[in-house]
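Remarks on the structure that follows.
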Amino acid sequence: MLGAARRQLGSGPMLGQVLQRLRPAAATNAARGYSAAAKEMTVRDALNSALDEEMSADPSVFLMGEEVGEYQGAYKITKGLLDKYGPDRVLDTPITEAGFTGIGVGAAYQGLRPVVEFMTFNFSMQAIDHIINSAAKSNYMSAGQISVPIVFRGPNGAAAGVGAQHSQCYAAWYAHVPGLKVLTPYSAEDARGLLKAAIRDPDPVIFLENELLYGESFPVSAEVLDSSFCLPIGKAKIEREGKDVTITAFSKMVGYALQAAEILSKEGISAEVINLRSIRPLDRAAINASVRKTNRLVTVEEGFPQHGVGAEICMSVVEECFEYLDAPVERIAGADVPMPYAANIERMAVPQVDDIVRAAKRACYRAVPMAATA
Amino acid sequence: MAAAAVLRRHLTRNSATTSHLSPLLARTRGVSDSTDPITVETSVPFKSHIVDPPSRQTTTSSHELLTFFRDMSLMRRSEIAADSLYKAKLIRGFCHLYDGQEAVAVGMEAAITRADAIITAYRDHCAYLARGGDLVAAFAELMGRRDGCSRGKGGSMHFYKRDANFFGGHGIVGAQVPLGCGIAFAQRYRKEGTVTFDLYGDGAANQGQLFEALNMAALWKLPVILVCENNHYGMGTAEWKASKSPAYFKRGDYVPGLKVDGMDVLAVKQACKFAKEHALANGPIILEMDTYRYHGHSMSDPGSTYRTRDEIAGIRQERDPIERVRKLILAHDFATAQELKDMEKELRKQVDAAIAKAKESPMPDPSELFTNVYVNDCGLESFGVDRKVVRTVLP
């Protein structure tokens with residue numbers, strides 16, 4: 001089986017580098033709850049390998065987006081794919097999101113399986129009519145005649161110092177819409193498994209990556225590296241088991257939540273960290289089961305607070321297991337302001353690990369010093 | 001059972017069967033259904049932009065002209081019937097009628113195959129019928145019934161016929177243009193040798209996404225034909241008030257274009273045939289169909305606040321597509337005036353029968369609220385208005 005994995009790794013230009021990237025198991029590996037795995041992979045390589053394998057397996061899969069081809073991808077996610085699959089399957093588009101998103105959806109109507117890259121999801125707003133009205137609703141309006149097996153992927157949420165127009169998180173907006181599926185990978189395993197699932201799924205999928213996670217390495221097992229590896233859509237992952245308080249998070253915030261859980265454990269609070277993986281459908285069963293066990297909940301997200309993912313999770317818990325709550329649900333989210341540029345106030349606009357720790361303590365009715373000003 | 005198909009079976013080469021059409025016909029020599037070619041000149045020459053236009057001489061036959069007459073009359077009758085149904089409140093919401101524009105749908109269909117694709121906006125009832133859509137299914141959909149072509153879930157603006165490569169039926173002005181380019185992309189990707197006819201109106205012609213898609217279509221040589229159905233009014237706004245340049249066939253700039261009399265079904269057929277060959281060889285081309293709608297923009301628009309009744313009556317008098325074909329048929333003695341009138345009477349009966357049948361169709365089952373949200377539903381939860389009362393696992 002490992003031999004098969006090695007043969008797979010040998011097939012792409014990028015994947016060979018993965019074998020060289022061995023690291024001693026860090027303390028964080030234990031925190032992440034992975035069993036001992038020798039191989040590590042960056043999220044970037046995970047995405048690249050997933051695209052490569054799915055394109056290899058299914059000739060109807062093709063890529064389109066700005067700079068995905070010759071430039072090797074604005075963030076190098078699509079590196080090497082133009083050389084391997086040619087310009088008919090890896091299309092560099094002009095800077096015309098409304099146009100190329102519509103073209104991608106139309107190609108999906110006709111049965112191809114496009115993977116459309118938005119350089120960041122901020123630019124998806126130029127194309128949002130096609131995502132919602134042309135893609136999400138078509139199967140319903142046509143009573144099943146027109147299905148749209150398309151994936152929209154790209155970095156989402158805050159990066160570093162990119163300012164207000166380049167930092168918004170779209171998880172809540174897209175998860176609002178029936179007909180879409182919304183995925184938010186965190187680790188390399190998530191990236192591989194969820195992207196493969198998204199490409200194979202017959203419905204339109206919004207695949208929200210995070211620029212700051214692309215370079216992060218995670219251990220990956222042989223199973224994850226196998227080309228048939230796939231994660232189910234709609235299932236969250238318990239990244240760290242605990243019994244005192246549940247912390248839900250997605251994307252980059254999972255890493256922060258795990259760090260917070262480590263800090264909390266030193267103070268005697270055992271936090272259970274749930275990596276949502278899927279915002280739509282939301283794994284309400286997993287969240288509620290966890291809350292029934294811990295009786296306390298902190299939701300964490302990077303995006304704007306009002307009408308956000310945390311608001312939905314809180315309502316879900318109120319509906320399903322209100323009696324189990326021993327404390328009000330706590331919400332940690334981005335600040336309710338457009339993202340500023342200056343580093344100090346930018347830091348205040350995005351959740352930090354101490355914010356998660358503080359909220360967890362509040363949920364546990366622990367004494368909490370006043371939040372220090374930046 | 002499409003009424004048109006039923007009628008088509010009657011008008012076969014076997015003249016004995018034509019007598020089924022009407023007792024009157026049995027006494028006549030029978031409507032001529034010969035396929036011998038005749039040449040007819042288009043009403044006006046084609047105007048072109050950076051391409052040599054096709055010839056004005058079109059080839060047709062008695063059989064084809066009668067098919068045109070019948071198909072357009074069926075469409076005309078259906079749209080007028082839809083008007084009454086709307087006023088009787090059996091059709092709700094939006095209803096955009098196509099009467100006056102029939103020649104575009106019918107002429108286009110004659111030039112292409114069902115393997116070619118068509119996509120249009122919300123004035124889509126006749127495109128659906130032209131692609132072989134079922135008359136009962138059309139009326140049932142308008143009335144929101146189970147037997148509608150979208151099972152009652154789409155409505156007037158969302159007719160589709162996937163097995164005939166008819167991709168709808170779109171409510172957002174201009175959105176269908178990039179979508180149609182995408183369908184053409186897939187056709188080229190798979191080397192199918194087919195084309196997409198991508199229809200939009202003069203109102204949509206200024207949409208930015210059209211130019212975005214056209215740019216990519218030209219760069220990638222997609223086999224797409226952009227068809228501007230210029231009925232001269234974008235809702236209530238005349239073309240000269242909305243467009244700095246209403247010469248829509250020229251708006252492609254580096255993309256060639258043809259201006260076509262959209263009320264002349266033979267000109268439409270000629271242009272579409274030409275455009276299909278062009279698109280397969282060279283990439284996108286624009287066809288501007290000079291056409292006219294008798295109704296207002298939709299059923300909530302009387303259509304007379306922004307144009308004069310004289311104008312509407314004038315077009316009906318001078319350029320009506322059905323009357324043009326009637327004159328041609330009579331001039332060539334392919335049928336008598338009475339025979340054509342009888343045909344129209346028969347069609348009217350077909351339409352009334354289809355409506356009656358559609359009315360019998362029940363409303364969709366409440367469980368249909370939750371079907372087709374996804375293709376891959378299984379196990380996904382969905383909720384009704386009060387999720388303590390209505391929640392379901394998607395089928």
Side-chain angles (χ1 to χ4, degrees), chain A residues 59-60 62 64 87-89 91-112 114 126-127 129-130 132-149 178-181 200-204 232-234 280-282 284-285 319, chain B residues 117 119 148-155 157-163 165 167-172 175-190 196 198 207-217 219-220 222 368 371-377 379-382 387-388:
Chain A
S60 68
F62 72 97
M64 62 194 305
D88 283 347
R89 293 186 69 190
L91 283 107
D92 280 319
T93 63
I95 307 173
T96 51
E97 277 79 5
F100 71 69
T101 304
I103 286 179
V105 174
Y109 280 5
Q110 182 59 329
L112 294 184
Q126 307 237 295
D129 177 63
H130 280 297
I132 311 294
N133 280 323
S134 305
K137 297 176 183 172
S138 281
N139 198 60
Y140 191 83
M141 291 192 295
S142 68
Q145 280 187 76
I146 311 281
S147 68
V148 193
L180 289 180
K181 293 175 180 168
R200 295 178 199 176
D201 196 276
D203 293 305
I233 290 179
R280 184 172 187 108
L282 198 56
R284 299 168 200 278
E319 286 165 345
Chain B
I119 190 169
C149 48
S150 299
R151 299 218 303 273
K153 310 231 289 196
M157 298 184 287
H158 304 297
F159 282 25
Y160 306 86
K161 197 171 187 342
R162 183 66 183 86
D163 58 10
N165 287 305
F167 289 90
H170 294 269
I172 307 295
Q176 77 278 14
V177 179
L179 295 174
C181 293
I183 296 167
F185 178 90
Q187 290 170 320
R188 193 201 64 147
Y189 189 99
R190 291 213 185 95
T196 298
D198 196 349
Q207 277 264 314
Q209 57 184 318
L210 186 156
F211 296 95
E212 294 189 13
L214 194 59
N215 175 47
M216 283 179 269
L219 276 171
W220 302 334
L222 302 184
E368 281 275 23
T371 57
N372 307 122
V373 181
Y374 299 102
V375 174
N376 188 6
D377 290 62
L380 298 181
E381 269 194 310
S382 188
R387 64 178 65 195
K388 303 277 187 199

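The structure presented is a predicted model; accordingly, all values stated were derived computationally and were not measured. Sequence lines set the chain letters: A, B, ... in the order given, protein chains first and strands last, and positions in each chain run from 1.
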Which one of B/Lys153, B/Gln209, B/Glu381 has the most heavy-atom pairs closer than 4.5 Å to chain A? B/Lys153
Out of A/Gln126, A/Arg89, A/Arg284, A/His130, which one racks up the most heavy-atom pairs below 4.5 Å with chain B? A/His130
What distance separates B/Tyr374 OH from A/Leu180 CG, expressed to the nearest 0.5 Å? 6.5 Å
Non-hydrogen atoms of chain A under 4.5 Å away: do they reach the side chain of B/Leu219, the backbone, both or neither? side chain
Are side-chain N/O atoms of A/Gln145 and B/Arg151 paired as donor and acceptor at under 3.5 Å? no
Using a 4.5 Å cut-off on heavy atoms from C-beta on, say whether the side chain of A/Lys181 contacts that of B/Leu380. yes
Salt bridge (charged side-chain N to carboxylate O under 4.0 Å, His left out) involving A/Lys137 - partner list, sequence neighbours excluded: none
Under 3.5 Å, which donor-acceptor pairs do the side chains of residues 97-109 of chain A form with other protein atoms, sequence neighbours left out?
from, atom 1, to, atom 2, distance (Å)
A/Thr101, OG1, A/Glu97, O, 2.7
A/Tyr109, OH, A/Ser134, O, 2.7
A/Tyr109, OH, A/Ser138, OG, 2.9

Which atoms of A/Pro114 come close to chain B, meaning under 4.5 Å heavy atom to heavy atom: side chain ones, backbone ones, both, or neither? neither
Residue selection (most heavy-atom pairs with chain A, distance under 4.5 Å) from B/Ala213, B/Ala175, B/Gly154, B/Cys181: B/Ala175
With the side chain counted from C-beta on, respond yes when B/Met216 and A/Leu91 share a heavy-atom pair under 4.5 Å apart, and no when they do not. no
Could you look at B/His170 and say if it's the side chain, the backbone, both or neither that has a heavy atom under 4.5 Å from chain A? side chain
Is the backbone of A/Gly144 close enough, under 3.5 Å, to the side chain of B/Tyr160 for a donor and an acceptor to pair up by distance? no
Quick check against the 3.5 Å criterion: does B/Asn376 have a side-chain atom that pairs as donor or acceptor with the backbone of A/Asp201? no
What part of B/Gln176 gets closer than 4.5 Å to chain A, counting heavy atoms only: side chain, backbone, both or neither? neither
Honestly, the part of B/Ile172 sitting under 4.5 Å from a heavy atom of chain A is side chain
In short, A/Asp88 meets B/Phe185 closest at the heavy-atom pair O-CZ, 4.3 Å
Who wins among A/Asn133, A/Ile146, A/Thr93, A/Ile95 for the most heavy-atom pairs under 4.5 Å with chain B? A/Ile146
Pick from B/Ser150, B/Gly148, B/Cys149: which one has the most heavy-atom pairs with chain A under 4.5 Å? B/Ser150
Cut-off 4.5 Å, heavy atoms of chain B, and the answer for A/Arg280 is side chain
How long is the straight-line distance from CD of A/Gln110 back to CG of B/Leu179, given to the nearest 0.5 Å? 12.5 Å
Of all heavy-atom pairs between B/Asn215 and A/Pro94, which one has the smallest distance, and what is that distance? ND2-CG, 3.5 Å
Considering only heavy atoms and a distance below 4.5 Å, find which of A/Ser60, A/Ala143, A/Pro202, A/Pro204 pairs most often with chain B. A/Ala143
If only atom types and distance count, is the side chain of B/Arg190 paired as donor or acceptor with the main-chain N or O of A/Gly111 below 3.5 Å? yes
Portion of A/Leu112 that has a non-hydrogen atom of chain B nearer than 4.5 angstrom: both
Specify which of B/Arg387, B/Lys388, B/Met157 makes the most heavy-atom pairs with chain A at under 4.5 Å. B/Arg387
